[in-house]
Amino acid sequence: MVERFLRQTSFTSVEDYNKNLEFIIPENFNFAYDVMDAWAEEKPDGLALLWTNDEGAEIRTTFAQLKKETDQAASYLQTLGIGKGDPVMLILKRRYEWWVVMLALHKLGAVVIPATHMLTKHDIVYRNTRASVKAIICVDDAYVTGQIKLALPESPTVEVLVKVSENSQDNGGAEITTDVQWHNWHDEWLQAPPFVRPAEKNSNDDTMLMYFTSGTSGEPKMVAHDFLYAMGHLTTGVFWHNLHEGSLHLTVADTGWGKAVWGKFYGQWFAGATVFVFDHEKFNADTLLRQIEKYHVTSFCAPPTIYRFMIREDLSRYDLSSLEYCTTAGEALNPAVFDKFFEKTGIRMMEGFGQTETTMTLGTMPWMNPKPGSMGMPNAQYNIDLLRADGTSCEDGEKGEIVVRAGKNKPIGLFKEYYRDEELTREAWHDGIYHTGDMAWRDEDGYYWFEGRIDDVIKSSGYRIGPFEVESALMTHPAVVECAITGVPDDIRGMVVKATVVLGREWKDRAGDELIKELQQHVKRVTAPYKYPRIIEFVDELPKTISGKIRRVEIRKKDAR
């Protein structure tokens, strides 16, 4: 499969990859037809998806079965009036149907808007109106359907509602006081006529996917991706995840987050691997490890938060011998977590970096030696640079903003625009350069090291302090499970460093002044003394996004109040 889309399909070195990575771009590329249906012809009995949940249910679906189901789903959605260019919001958690509906909507050329099940009425109204959402397909959950119901009177573009119900006889939603009524997926989808592919094909630059991504201020931005975005993830699955036919890959991610298509969809199926899904309501490290053991997962990807809890378990109690490769992304990886995981498993985590606006822009590929805590090197499909505030390029060892030099030809994987917001698009992407807003520095070997968001950098007594370097120092203390570094206004120093810390169970009874001093001294020994946290607060948990990223902005707001 890969040979259809790359001039060269394997690489042995950074130099080889940088010189020879070249995409073959077909006209009217559509991942559902050109990759998934092609697999259904080439290896119909190959296992495409292995889905299980925390109640013990299990579904194993071959590529041929998945084609049949996605054709059926596409036909059903056509009967509901959904077609090319129609914005459709999906709120399906990790239900099996998410994978079927995603591919079906791609086949129709519709615009998919994945969303989290935690949205409130306000969030749903905002998305419906900003994106002119035509249809919502959601899980049959009382909270989700309740918030949608509340949002409908203020969502005039919504014409179609479909819920995926556990009970096919339940046709709830009858009390909705608008003209829009619920359809029940399991009552109706199998009754649709045979699927006929639409005569009008998508173009490569048509919008395929939109994510609402939260910034540090204001309402979420609408990140629009074209149909070639899926191809941009070929390098994610085939090279960064190091997948192949026969791999069983598990990425920990909610389907409302962009990381789901990074690790549960496009790149993995380019490689012909099996996507493993564990549908669960609440994360538990022991339960997750048992799934890896039971199903013999070979490849695993999760944000560092997940690994932090995994290494707190006694890993000798689990048979993890099937694991061949582990990757991490979503936030910066503390070297202490890398070292402990390697000590316990013998597996070196390969870090990657990207945004909702991109595919993987920096990463540690199989032909590279990982440096614990480094994001790796630029992915050859992007021209990456570090810029000073004046727009000039940084030297090695100098901190700057990570940017993508796009020039006149947009790289495969880079977003189209912030939908319906030309001003915001111009702020981030101008003069042929996309500005990520993330800070890093590059060492003499070409590896990049994350510093934090531009607005996370703390300026104290004339020093610029990146939160990640202080967090990494704190994480080497055995008491600390997780921590977040933020700046607190100070009349004398401008700002001082604050640490919000989650302690290990065995340390919680020691939370107090003595432990605060111990942690402060520890940071002074591990990193430059001026970086130590003058304020330390102990908490039970840190505020996070659904993707597992720490929300430092929430901590700053709390401190301001």
Side-chain angles (χ1 to χ4, degrees), residues 211 213-218 220-221 223 232 236 240 257-259 262 303-305 327-335 351-364 371 373-379 381-406 411 413-415 418 424-425 427-443 446-459 464-472 484-487 544-545 547-556:
Y211 277 103
T213 181
S214 297
T216 55
S217 61
K221 300 170 288 188
V223 180
T236 308
W240 180 48
W257 173 38
K259 189 62 167 60
W262 277 54
T305 297
T327 47
T328 186
E331 58 180 340
L333 172 68
N334 304 106
E351 190 169 354
F353 169 83
Q355 298 180 311
T356 306
E357 290 87 345
T358 70
T359 57
M360 190 187 66
T361 51
L362 293 150
T364 310
K371 291 188 177 185
S374 165
M375 298 182 285
M377 295 184 184
N379 182 357
Q381 73 194 65
Y382 294 96
N383 182 3
I384 302 295
D385 199 1
L386 291 177
L387 295 187
R388 305 183 182 101
D390 64 3
T392 57
S393 295
C394 295
E395 301 291 337
D396 290 349
E398 185 180 2
K399 298 173 186 177
E401 183 189 10
I402 304 169
V403 301
V404 177
R405 292 192 177 276
L414 186 61
F415 76 129
Y418 293 119
L424 192 60
T425 303
E427 285 178 13
W429 191 349
H430 54 84
D431 302 313
I433 296 174
Y434 166 60
H435 294 259
T436 68
D438 286 305
M439 300 288 289
W441 61 277
R442 181 181 56 246
D443 67 20
Y447 286 71
Y448 283 64
W449 301 78
F450 186 73
E451 283 291 320
R453 294 289 296 172
I454 287 177
D455 43 17
D456 282 340
V457 173
I458 302 162
K459 299 174 184 177
R464 291 171 62 86
I465 303 169
F468 180 64
E469 53 192 332
V470 187
E471 290 170 3
S472 292
I485 297 299
T486 51
K544 294 191 180 79
T545 66
S547 64
K549 293 182 184 179
I550 297 169
R551 283 186 50 80
R552 295 179 186 84
V553 63
E554 214 167 288
I555 297 172
R556 289 197 296 267

Heavy-atom nearest pair, Glu471 first then Ala484, reads OE2-CA, 3.4 Å
Distance in Å, Ile384 CD1 paired with Arg405 CZ, rounded so as to fall on 0.5 Å steps: 10.5 Å
To the nearest 0.5 Å, what is the distance between CZ (Arg453) and CZ (Arg552)? 11.0 Å
For Tyr211, all residues meeting ring-ring contact (aromatic ring centres under 6.0 Å, His included), sequence neighbours excluded: none
Nearest atoms (heavy-atom pairs only) where Asp443 meets Trp449: OD2-NE1, 3.1 Å
Compare every heavy atom of Thr358 with every heavy atom of Tyr434, then report the nearest pair and how far apart it is. CE2-CG2, 4.1 Å
Does a salt bridge link Lys544 with Glu331, judged by any charged N lying under 4.0 Å from a carboxylate O? no
Nearest heavy-atom pair of Gly376 and Thr364: which atoms, and what distance? CA-OG1, 3.5 Å
Counting N and O atoms only, with roles assigned by atom type, does the side chain of Thr436 sit under 3.5 Å from a partner on the main chain of Ile402, one being a donor and the other an acceptor? yes
For Gly352 and Trp240, the nearest pair of non-hydrogen atoms, with its separation, is N-CZ2, 3.4 Å
Side chain to side chain donor-acceptor pair (under 3.5 Å) with Asp431: which residues, sequence neighbours excluded? none
Glu398: salt bridge (Lys or Arg N to Asp or Glu O under 4.0 Å) partners, not counting sequence neighbours: Arg388
Is there a donor in the side chain of Thr213 and an acceptor in the side chain of Gln355, or the other way round, less than 3.5 Å apart? no
Report the distance from atom CZ of Phe353 to atom OG1 of Thr361, rounding to the nearest 0.5 Å. 5.0 Å
For the residue pair Glu427 and His435, establish whether any side-chain heavy-atom pair is separated by less than 4.5 Å. no
Atom pair CG/CD of Leu414 and Glu357 - distance to nearest 0.5 Å: 8.5 Å
Within the side chain of Glu351, is there an N or O that forms a donor-acceptor pair under 3.5 Å with the backbone of Thr328? no
Nearest 0.5 Å, please: how far is CG in Leu386 from NZ in Lys399? 12.5 Å
Flag the pair Asn383 / Val404 as yes when at least one side-chain heavy-atom distance between them is below 4.5 Å, and no otherwise. no
With no hydrogens and no angle check, just 3.5 Å: does a side-chain donor-acceptor pair link Ser472 and Asn334? yes
Here the gap from Ile465 atom CD1 to Ile485 atom CD1, rounded to the nearest 0.5 Å, amounts to 9.5 Å
Taking all atoms of both residues into account, what is the closest heavy-atom pair of Tyr448 and Arg442, and its distance? OH-NH1, 3.3 Å
Start with the C-alpha gap between Leu387 and Ser393, add the side-chain angles, then the distance that decides, and say whether side chain to side chain contact (heavy atoms under 4.5 Å, CB included) holds. CA-CA 5 Å; Leu387 295 187; Ser393 295; 3.9 Å; yes
Do the side chains of Ile458 and Val470 get nearer than 4.5 Å, heavy atoms only? no
